[in-house]
Protein chains: 4
Amino acid sequence: MLDAAVLTFARRGYRAASMDEIAEVAGVSKPLVYLYLNSKEDLFSAVIRRESAALVAALTAAVEPGAAADRRLWSGLKGFFSHTAEHPDSWAVLHQQARTHGEPFAREVAAMRAEIAEFVTDLIGAAAKEAGCAGELAEREVAGVAHALIGAAESLAEWANARTDEGASGEWEHSSAKDTAATMMNFAWAGLGRLMGGARWTPGGLVDRVGPPGAVG
Amino acid sequence: MLDAAVLTFARRGYRAASMDEIAEVAGVSKPLVYLYLNSKEDLFSAVIRRESAALVAALTAAVEPGAAADRRLWSGLKGFFSHTAEHPDSWAVLHQQARTHGEPFAREVAAMRAEIAEFVTDLIGAAAKEAGCAGELAEREVAGVAHALIGAAESLAEWANARTDEGASGEWEHSSAKDTAATMMNFAWAGLGRLMGGARWTPGGLVDRVGPPGAVG
Amino acid sequence: MLDAAVLTFARRGYRAASMDEIAEVAGVSKPLVYLYLNSKEDLFSAVIRRESAALVAALTAAVEPGAAADRRLWSGLKGFFSHTAEHPDSWAVLHQQARTHGEPFAREVAAMRAEIAEFVTDLIGAAAKEAGCAGELAEREVAGVAHALIGAAESLAEWANARTDEGASGEWEHSSAKDTAATMMNFAWAGLGRLMGGARWTPGGLVDRVGPPGAVG
Amino acid sequence: MLDAAVLTFARRGYRAASMDEIAEVAGVSKPLVYLYLNSKEDLFSAVIRRESAALVAALTAAVEPGAAADRRLWSGLKGFFSHTAEHPDSWAVLHQQARTHGEPFAREVAAMRAEIAEFVTDLIGAAAKEAGCAGELAEREVAGVAHALIGAAESLAEWANARTDEGASGEWEHSSAKDTAATMMNFAWAGLGRLMGGARWTPGGLVDRVGPPGAVG
DNA sequence: GATGAATGAGATTTCATTCAT
DNA sequence: TATGAATGAAATCTCATTCAT
């Protein structure tokens with residue numbers, strides 16, 4: 001029943017998806033939907049919660065627990081892109097619908113994002129420690145970078161899905177998730193490394209405010 | 001009148017925003033809205049086009065023409081974050097509403113995004129030349145990176161706006177735009193430099209001059 | 001200005017014809033229409049009155065004053081069919097629109113019909129006298145026959161116009177009006193003659209209740 | 001529910017009849033009307049079809065199958081006038097509204113009219129054979145006469161209804177239908193007889209066996 | 001437990017009509 | 001005189017939601 005809701009919300013959007021259609025897609029009668037899930041809002045919330053949890057679970061399950069920070073990020077990204085590629089409707093609901101139809105729903109997605117942000121933040125902290133991190137990273141700066149990273153990943157996920165829609169599906173998806181994750185790593189890891197090394201970009205060029213010398217000009 | 005529409009669409013969402021409310025906010029009668037803008041769809045399109053153009057104009061105006069690539073990106077980002085911070089409703093409409101309510105609207109935003117993507121792509125090309133770019137960047141890789149960068153910026157803009165809503169406004173905004181742009185530079189510039197230098201991340205660590213791009217194990 | 005109204009009412013119908021369109025067709029501004037004719041209802045009334053008068057005038061002008069009754073009917077019918085063929089929009093307004101959009105308008109057409117009915121009634125009276133009419137024709141019977149005759153003519157006019165729309169126009173119209181009038185005469189005149197002769201149809205066959213013998217079996 | 005629609009369409013006209021009023025008259029809520037009949041157009045179509053069928057059925061049922069042509073016409077007319085007198089709203093919808101509000105509806109009435117016209121045409125053919133018909137009736141002439149006859153009957157039906165509205169109702173209606181049918185027979189039958197006998201009216205008077213029909217001077 | 005049948009509230013859109021100039 | 005600009009009122013249609021069974 002929630003599956004039907006995910007599908008319909010993704011295809012039609014929150015407002016345009018009618019309870020009639022959801023019930024029909026689910027193969028049950030409308031009053032039954034109201035019996036189990038009290039209202040359209042509740043139904044949408046339930047959908048968001050379930051899909052959020054599934055995405056977070058996929059991400060969490062994908063990371064290799066004891067590995068180095070870069071490998072943990074790499075495997076997490078692979079998990080994320082695989083999941084969004086394999087469940088495009090779910091991703092569409094979370095990424096597009098849930099954030100555009102009122103505060104209550106947006107908050108639920110924000111919570112999911114916060115969870116992922118925490119995962120990324122921890123990762124950065126671990127990486128800093130591994131790197132014998134010289135510079136102390138301001139909490140606000142780390143949060144900003146985490147959000148940037150997440151946003152980049154989301155954007156890439158959407159872009160990859162759009163490309164997949166046009167082309168074939170199936171086996172390709174898997175390799176696509178890997179490629180996308182690689183692009184993310186190439187884009188993000190060097191910047192993270194620099195940051196942890198204490199280097200900062202300024203209008204005058206990259207400078208090393210703290211830590212061992214050796215900054216790139 | 002378009003201002004009222006921007007405000008209402010941002011606060012309520014496309015579907016939930018009623019023409020009644022828009023007219024009321026605009027301080028005119030509903031038939032007048034229909035006289036000038038033929039339908040709700042047309043009104044939304046007009047809003048999207050105006051706000052898109054404004055955002056692109058702000059970005060374009062902000063970038064320093066003859067400067068080095070990093071400064072160009074830096075100034076462009078400042079322009080972008082300033083505009084999104086000063087016009088949060090406009091940004092909400094473009095980023096959240098316009099992309100989730102039907103192909104026609106999504107296409108208009110996609111066009112704007114493509115324009116920005118081209119700006120970023122050009123920038124990457126220029127930076128590569130400046131850096132005496134060793135590696136040849138595959139077109140698809142550049143496109144991916146551009147999308148990642150844009151997504152990161154969008155995400156940061158949203159994040160910054162959300163923080164601003166809670167805190168004070170005014171002067172802080174300006175510095176906030178600068179801070180956000182700095183975060184973006186720190187996050188993105190080093191990664192771009194690496195990439196242009198031909199370095200690639202692989203599961204085994206960073207390597208220089210690996211084979212054809214996209215062939216990660 | 002009334003011409004524009006006739007055209008628009010005929011093409012669109014009373015309700016679907018908007019004052020905007022009428023004003024545009026007339027080549028004047030809407031307030032001007034309201035200045036001369038106070039409201040849509042008044043405008044429609046004015047149209048009906050003018051077209052009614054024109055039709056009655058055409059009919060009246062067509063009859064040969066001193067001729068025998070059958071020639072008077074014949075010439076009147078020719079006038080009627082010519083007018084309706086030459087002014088199809090006018091006829092459409094009178095025959096179709098005016099009778100279907102509320103009592104007030106229907107009354108105006110009823111008045112025109114009454115005028116024509118009187119013309120026919122007089123004619124029947126004259127014919128009766130000419131024929132040395134034996135039977136006294138009940139007033140109600142004459143009225144009924146007059147309405148039947150008018151209805152038949154109206155139906156033929158519509159039918160003829162519909163055929164003309166499909167085929168060519170111009171010269172043909174005139175001969176068509178003659179043909180149609182001839183059909184009417186062939187259909188109606190014999191019946192009228194019988195009636196005036198006092199013959200009546202009964203379930204048992206035609207009987208001569210009054211007057212000279214010689215009824216057709 | 002269709003009854004309510006018939007009543008309202010007849011009283012107000014197609015455009016002026018609001019779905020609100022129809023629902024109220026039917027004693028149900030508006031959405032229910034839309035549930036059973038999808039739109040105002042569909043509702044009107046359904047009404048036209050039902051009332052058309054009822055009228056044709058009444059006419060068909062009334063005619064005595066094996067009787068002579070004049071009796072068949074007589075009984076058919078009685079059936080027609082009885083039905084229109086007993087269901088004045090139905091008749092108003094068919095005769096006035098359905099023909100003036102757009103092609104789709106007009107076509108449905110035209111189909112009904114065609115059915116009746118065929119009945120009349122057959123009748124004329126039968127009468128011609130019975131009368132040992134001398135003259136060959138041109139197809140176009142027969143069609144014209146059939147339309148004239150139908151128009152006369154329609155006009156009489158309307159006239160009779162208008163008179164009934166003013167006067168009393170009940171028993172009188174029945175005798176009225178008979179009277180009206182008698183008027184029609186008196187008006188039409190003699191003319192038909194003449195026509196079948198080959199007689200034609202010309203501006204010079206009635207002549208027998210003139211040349212090809214339609215060639216009046 | 002499950003549903004067919006029904007509705008209140010509200011959406012977009014149109015149009016006859018009027019001022020201020 | 002003539003009109004550009006504006007609106008009150010009402011139309012069709014949709015949908016989340018609920019009883020009676």
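So that the names make sense, note that chain A is the first sequence line, chain B the second, and so on, each numbered from 1. Because only heavy atoms are used, hydrogens play no part in the values below, and waters and symmetry mates are left out as well, while side chains stay in. Just so it is clear, the structure is predicted and the values come from calculations on it, not from any experiment.
Spacing between atom CG of D42(C) and atom C1' of dT18(E) amounts to 16 Å, rounded to whole angstrom units. Spacing between atom CG of D20(C) and atom C1' of dT7(F) amounts to 13 Å, rounded to whole angstrom units. What separates CZ of F44(B) from P of dT12(E) is a distance of 13 Å, to the nearest Å. The CZ atom of R15(C) sits 10 Å away from the P atom of dC15(E) (whole-angstrom rounding). The CD atom of E24(D) sits 15 Å away from the C1' atom of dT7(E) (whole-angstrom rounding). To the nearest angstrom, P of dC19(F) lies 14 Å from CG of L35(A). Rounded to an integer number of Å, the gap from CD1 of I22(B) to C1' of dA11(E) is 12 Å. Residue H101(B) contributes atom NE2, which lies 17 Å from atom C1' of dT12(E) at whole-angstrom precision.
Distance from the side chain of V28(B) is smallest to dT7(F) among dA5(E), dT17(E), dT7(F). You'll find that the side chain of P31(C) is closest to dT3(F), out of dT3(F), dA5(E), dA16(E). Of the listed nucleotides (dT3(F), dT13(E), dT12(F)), dT12(F) has the atom at the smallest distance from the side chain of Y34(D). Listed nucleotides dT3(F), dA5(E), dT7(F) differ in distance to S29(B); the shortest reach to its side chain belongs to dT7(F). Among the nucleotides dA2(E), dA16(E), dT12(F), the one closest to the side chain of S18(C) is dA16(E). Candidate nucleotides dT12(F), dC19(E), dT18(F) were compared by shortest atom distance to the side chain of K40(D), and dT12(F) ranks first.
Within the nucleic acid shown, A16(D) has no heavy atom closer than 4.0 Å to any nucleic acid atom. A23(D) comes within contact range of no nucleotide atom at all, as no heavy-atom separation falls under 4.0 Å.
In terms of heavy-atom proximity, A17(B) sits nearest to F9(B) at CB-CD2, 3.7 Å. Across all their heavy atoms, S52(B) and L94(B) have their closest contact at OG-CD2, 3.5 Å.
Base pairing of dC13(F): its partner is dG10(E), meeting the Watson-Crick or G-U wobble criterion (both donor-acceptor distances under 3.5 Å). The partner of dT3(F) is dA20(E), judged by Watson-Crick or G-U wobble contacts that both fall below 3.5 Å.
Between W91(D) and H95(D), the ring-plane angle classifies as parallel under the 30° and 60° cut-offs.
For a distance-only test at 3.5 Å, the side chain of K30(C) fails to qualify as a donor-acceptor partner of the base of dT3(F).
R11(C) has no carboxylate O lying under 4.0 Å from a charged side-chain N of E21(C), or vice versa, which leaves the two without a salt bridge. Salt bridge status for R50(B) with D3(B): present, with a side-chain N to carboxylate O gap under 4.0 Å.
The shortest distance between the side-chain N/O atoms of Y36(C) and the OP1/OP2 oxygens of dA2(F) is below 4.0 Å.
Heavy-atom nearest nucleotides on DNA chain F were determined for N38(A) and for E41(D), and the one closer to the 5' end corresponds to E41(D).
With Y14(C) as the aromatic partner, K40(C) meets the cation-pi criteria of under 6.0 angstrom to the ring centre and within 45 degrees of the ring axis.
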